[in-house]
2 protein chains.
Amino acid sequence: MDGKIVNLKSKIEIYKAMTDGANFADCPVRNVMQGINGKWSPLLVMALAEKPYRFGELRRLVPDISQRMLTQTLHELQRDGYVHREVFPTKPPSVEYSLTDLGRSMFVPLYQLVQWAELNHHAVRDARAAFEAAHA
Amino acid sequence: MDGKIVNLKSKIEIYKAMTDGANFADCPVRNVMQGINGKWSPLLVMALAEKPYRFGELRRLVPDISQRMLTQTLHELQRDGYVHREVFPTKPPSVEYSLTDLGRSMFVPLYQLVQWAELNHHAVRDARAAFEAAHA
DNA sequence: CAGCATCCCTCCGGATACTG
DNA sequence: CAGTATCCGGAGGGATGCTG
């Protein structure tokens, strides 16, 4: 239990924060990560980071999302405080989605990760090809 | 189609990179993100960022992961080039897992996101509580 | 326009038992 | 010790049709 072991756990302890120590199931850090890591969540956050969008605009911007998943993902992002939903009582009604301060704050590190993915997806693709070849 | 619209798409275009334009289904950036965003992947990358671990050590470090998921997640991380798997021909055999250069590179932005989650999970929890209260 | 409701199916992921 | 194999329940997510 010397300094090395303390240092050894410093990264994973972030995940253990506020957990009862027995498991990670209800770890709050994991909860937040799970909310960000949906299939469509990062894509929609990236879009809304640019400017507010209305529902139909998002549909056209992301053509292959089902309307069910668009509704549901926006609902979750709103519930977690990343997205603000504003209804304009026109007829027919229009609804505008925008990032909150919390959403813009979260966007910063998310964007870093997406940029990493853009720069390195070739390396990942090559690694997968090499792995498949080795196990053929 | 003025400058504003061009700027409007600058963030989401990262996701569209190398896609045929019709959908995001086979977008390489999304593929990379999906590989990172598994239920256990970030946690294991965090652990291996500290030092190499053997299989059993990881089991004890993350008590509530099933051994099936530990095997599978490590396999995927190895396939995508993030993790190196080295077998020592002792008896009984021991297997050590460690991050590759690519894995350490990916860890940098991932760590930023995890740190954000640690700093802001209270805000997310409060937002959820307020949302549930408003829709009660 | 901006959704909600329903059906249905895939696959993620846990529990358990067995192996080199 | 470090896995593989099998079973199975539940959540994730697409397609379609209806509403204010």
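The figures that follow rest on heavy atoms only: side chains count, while hydrogens, waters and symmetry mates do not. Below, chains carry the letters A, B, ... as their sequence lines are ordered, and counting in each starts from 1. If you're wondering where the values come from, they're calculated on a predicted model, not measured in any experiment.
Taking side-chain N and O atoms only, A:Lys91 has no distance below 4.0 Å to OP1 or OP2 of D:dG20. In this model, the phosphate group of C:dG3 is approached by a side-chain N or O of A:Arg85 to a distance below 4.0 Å at OP1 or OP2.
Of the possible polar contacts, one joining the A:Glu57 side chain to the A:Arg54 backbone as a donor-acceptor pair under 3.5 Å is found. Proximity of a side-chain donor or acceptor of B:His121 to a complementary backbone N or O of B:Glu118 within less than 3.5 Å is detected. A donor-acceptor pair is defined here as one N or O able to donate and one able to accept, closer than 3.5 Å; such a pair exists between the side chain of A:Thr100 and the backbone of A:Tyr82.
For the pair A:Glu76 CD and D:dA11 P, the computed distance is 14 Å after rounding to whole Å. One interatomic measurement links the two molecules: CZ of B:Phe55 to C1' of C:dT19, which rounds to 14 Å at whole-angstrom precision. In this structure, B:Ile65 atom CD1 and C:dG14 atom P are separated by 7 Å, rounded to whole Å. Atom pair B:Glu86:CD and D:dG3:C1' shows a separation of 18 Å (rounding to whole Å applied). Spacing between atom CD of A:Gln34 and atom C1' of C:dC12 amounts to 12 Å, rounded to whole angstrom units. Atom CG in B:Leu74 sits about 15 Å away from atom C1' in C:dG13, given to the nearest Å. Straight-line distance from the CD atom of B:Glu57 to the P atom of D:dG3: 13 Å, rounded to whole Å. One atom, CZ of B:Arg54, and another, C1' of D:dG3, lie 14 Å apart when rounded to the nearest Å.
Picking from C:dC7, C:dG13, D:dG3 the nucleotide with the shortest atom distance to the side chain of A:Arg68 gives C:dC7.
Side-chain N/O atoms of A:Gln67 and base N/O atoms of C:dC4 include a donor-acceptor pair closer than 3.5 Å.
Helix bend of the helix from C:dC1-D:dG20 to C:dG20-D:dC1: the angle between its two end axes, each built from five pairs, comes to 50° after rounding to 10°.
Nucleic acid contact for A:Arg59: none, since no nucleic acid atom lies under 4.0 Å from a heavy atom of the residue. At a threshold of 4.0 angstrom between heavy atoms, the contacts of B:Ser94 are confined to the sugar-phosphate backbone, with no base atom among them. Using a 4.0 Å heavy-atom cutoff across all strands shown, A:Tyr97 reaches sugar-phosphate atoms only and no base atom. Among the heavy atoms of the strands, none lies under 4.0 Å from A:Gln72.
Judged by closest nucleotide on DNA chain D, B:Glu96 is the one of A:Met69 and B:Glu96 placed further toward the 5' end. Both A:His75 and A:Pro92 lie close to DNA chain C; mapped to their nearest nucleotides by heavy-atom distance, the more 5′-ward contact belongs to A:Pro92. Between A:Pro93 and A:Lys39, the residue anchored nearer the 5' end of DNA chain D, judged by the nucleotide with its closest heavy atom, is A:Lys39.
A donor atom on one side chain and an acceptor atom on the other are not found under 3.5 Å apart for A:Gln34 and A:Arg30.
Note: A:Phe131 and B:His75 have perpendicular aromatic rings, judged against thresholds of 30 and 60 degrees for the angle between ring planes.
Interatomic distance, A:Lys51 NZ to A:Ser98 OG, rounded to the nearest 0.5 Å: 10.5 Å.
Shown here are the side-chain hydrogen bond (donor to acceptor under 3.5 Å, both in side chains) partners of A:Arg125, two or more places apart in sequence or in another chain: there are none.
Taking each heavy atom of A:Val87 and A:Val95 in turn, the nearest pair found is CG2-CG2, 4.1 Å.
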